[in-house]
Amino acid sequence: MPFYHKLGNIPHKRHIQFRKPDGSLYYEQLFGTIGFDGMSTNSYHEQRPTQVKAIKKQYSVAPKIAKSNNIQSYRLKGFQVKPENDYLESRKTILVNSDCAIVLAAPKESTKNYFYKNTDADELIFIHKGSGKLRTHLGNLDFKYGDYLLVPRGIIYKIDFNTEDNRLFIVESRRPIYTPKRYRNWFGQLLEHSPFCERDIRRPYELETNNESGDFLIKVKKQDDIIEMVYASHPFDVVGYDGYNYPYAFSIHDFEPITGRIHQPPPVHQTFETDAFVVCSFVPRLYDYHPQSIPAPYNHSNIDSDEVLYYVDGDFMSRNDIEAGHISLHPAGIPHGPHPGATERSIGKTKTDELAVMVDTFKPLKVTEEALKIADDSYYKSWLV
Ligand SMILES: [Fe+2]
């Protein structure tokens, strides 16, 4: 996140002696991104963060591809993904390309016996159902319905859920996820025309510092494998850190919509960007106010991007038969648009309660076997009258 954050105790200069009450040194770790050019954090640990004790099981979690080259529009029924106890096992990749993976998960249990670290990708976790606490080695974040949790790659975390009824929509991104550049000034501050600002971004507020030795299992994701690594010290042993690279939360309910006299294009809904895809938030808002406006979108051809829309809540005006938890995939190369009747139905409407998350990828998405299990195979014909 491009603004400074400090939590816990740190010395007054970086890379100098920082001593524990017993006179011994804390262990400093520079946690950098993009070599030494990207955002970084300096953290101070009770024990060396390098104490690998054993490397145990290694297994692939690479998604099984059902359709590599896809031009068919799909409707996927996200809530048909079955709840599973374990957080990692519950994660089902439905769409994927070399830049990102779109994942659905319905975990019933908190992570108890292991820590998790994704070294391949930043994780953007949208909370559709559930609440709890994201616990990381750089501090904790409470979460609830409507939150985006941004976990940069390499952050060690656990996730605690308050109940068993949880639904997550996750984007794993091999490219760093940032806020849109056009909303930031040359120092990174979010500008006045941005639909959200730093005040809406929740930073870790609570640091867990455990100075424990033993066997601590971290499930590390690397190159689509999970590697089980046992460390000799507790991964949450940071006494303080500062810098720019840390997890944060942003609620979709804090996104202030941009509206106009005529239909506004999807970029006004943009919330996050990478150089490989964008994420947009469609939130309750007033409709266009030109006397002859048509609130429904026009037909459009995303000739060079696949469009994934995850429907969260409210009434989805441009679609027939869409419910919460559904996903539409409109692939690059062919036009799509409102369903028959939706354009006429939208005229005269003054507002919408829809809530949805959109991911537009610049490379085509492959459809996985997990996606076909929850797919409506006839959706691509749904514009016929
Ligand atoms: Fe679209």
Side-chain angles (χ1 to χ4, degrees), residues 67 70-78 94-97 99-100 102 104 124 126 169 171 180 195 252 255 257-260 262-274 276-288 293-347 349 351-367 371 375-376 378-385:
K67 284 177 93 173
N70 176 55
I71 202 161
Q72 181 176 334
S73 295
Y74 278 100
R75 175 174 60 168
L76 309 175
K77 298 180 175 179
I94 51 168
L95 301 163
V96 67
N97 63 24
D99 299 315
C100 66
I102 294 173
L104 292 171
L124 183 68
F126 179 77
F169 175 78
V171 185
I252 197 169
F255 186 93
I258 295 168
T259 58
I262 58 171
H263 190 84
Q264 297 295 296
V268 301
H269 306 284
Q270 194 185 344
T271 314
F272 299 103
E273 75 180 10
T274 73
F277 65 88
V278 297
V279 177
C280 298
S281 302
F282 289 81
V283 302
R285 62 193 182 280
L286 296 179
Y287 273 143
D288 325 319
S293 69
I294 299 177
Y298 30 83
N299 297 302
H300 51 284
S301 231
N302 295 336
I303 200 71
D304 49 11
S305 69
D306 276 21
E307 180 191 288
V308 176
L309 205 47
Y310 180 70
Y311 300 89
V312 180
D313 206 352
D315 180 32
F316 306 109
M317 169 267 292
S318 63
R319 298 265 161 269
N320 302 335
D321 303 323
I322 285 284
E323 296 169 17
H326 284 188
I327 292 169
S328 59
L329 168 64
H330 298 132
I334 55 170
H336 65 276
H339 274 133
T343 300
E344 294 76 7
R345 215 163 51 223
S346 77
I347 293 173
K349 294 257 171 70
K351 63 185 174 67
T352 175
D353 294 326
E354 72 180 6
L355 198 64
V357 175
M358 187 171 80
V359 182
D360 275 11
T361 65
F362 308 146
K363 283 186 200 154
L365 290 160
K366 301 174 195 305
V367 180
D376 168 2
S378 63
Y379 175 77
Y380 74 99
K381 297 181 185 172
S382 61
W383 288 271
L384 295 172
V385 284

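Counting convention: from 1, in listed order, for ligands and their atoms alike.
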Of all the heavy-atom pairs spanning I294 and D288, show the shortest one and how long it is. O-OD2, 3.6 Å
Here the Fe ion (ligand 1) sees protein N, O or S atoms within less than 2.8 Å, and their number is 4
Parallel, tilted or perpendicular: which fits the ring planes of [X] and [Y], with parallel below 30° and perpendicular above 60°?
X    : Y    : value
F169 : Y310 : parallel
Y379 : H339 : perpendicular
H336 : H300 : perpendicular

Counterpart residues, side chain to side chain donor-acceptor pair (under 3.5 Å), relative to D360 (two or more places apart): none
Between T361 (side chain) and K363 (backbone), is there a donor-acceptor pair under 3.5 Å? yes
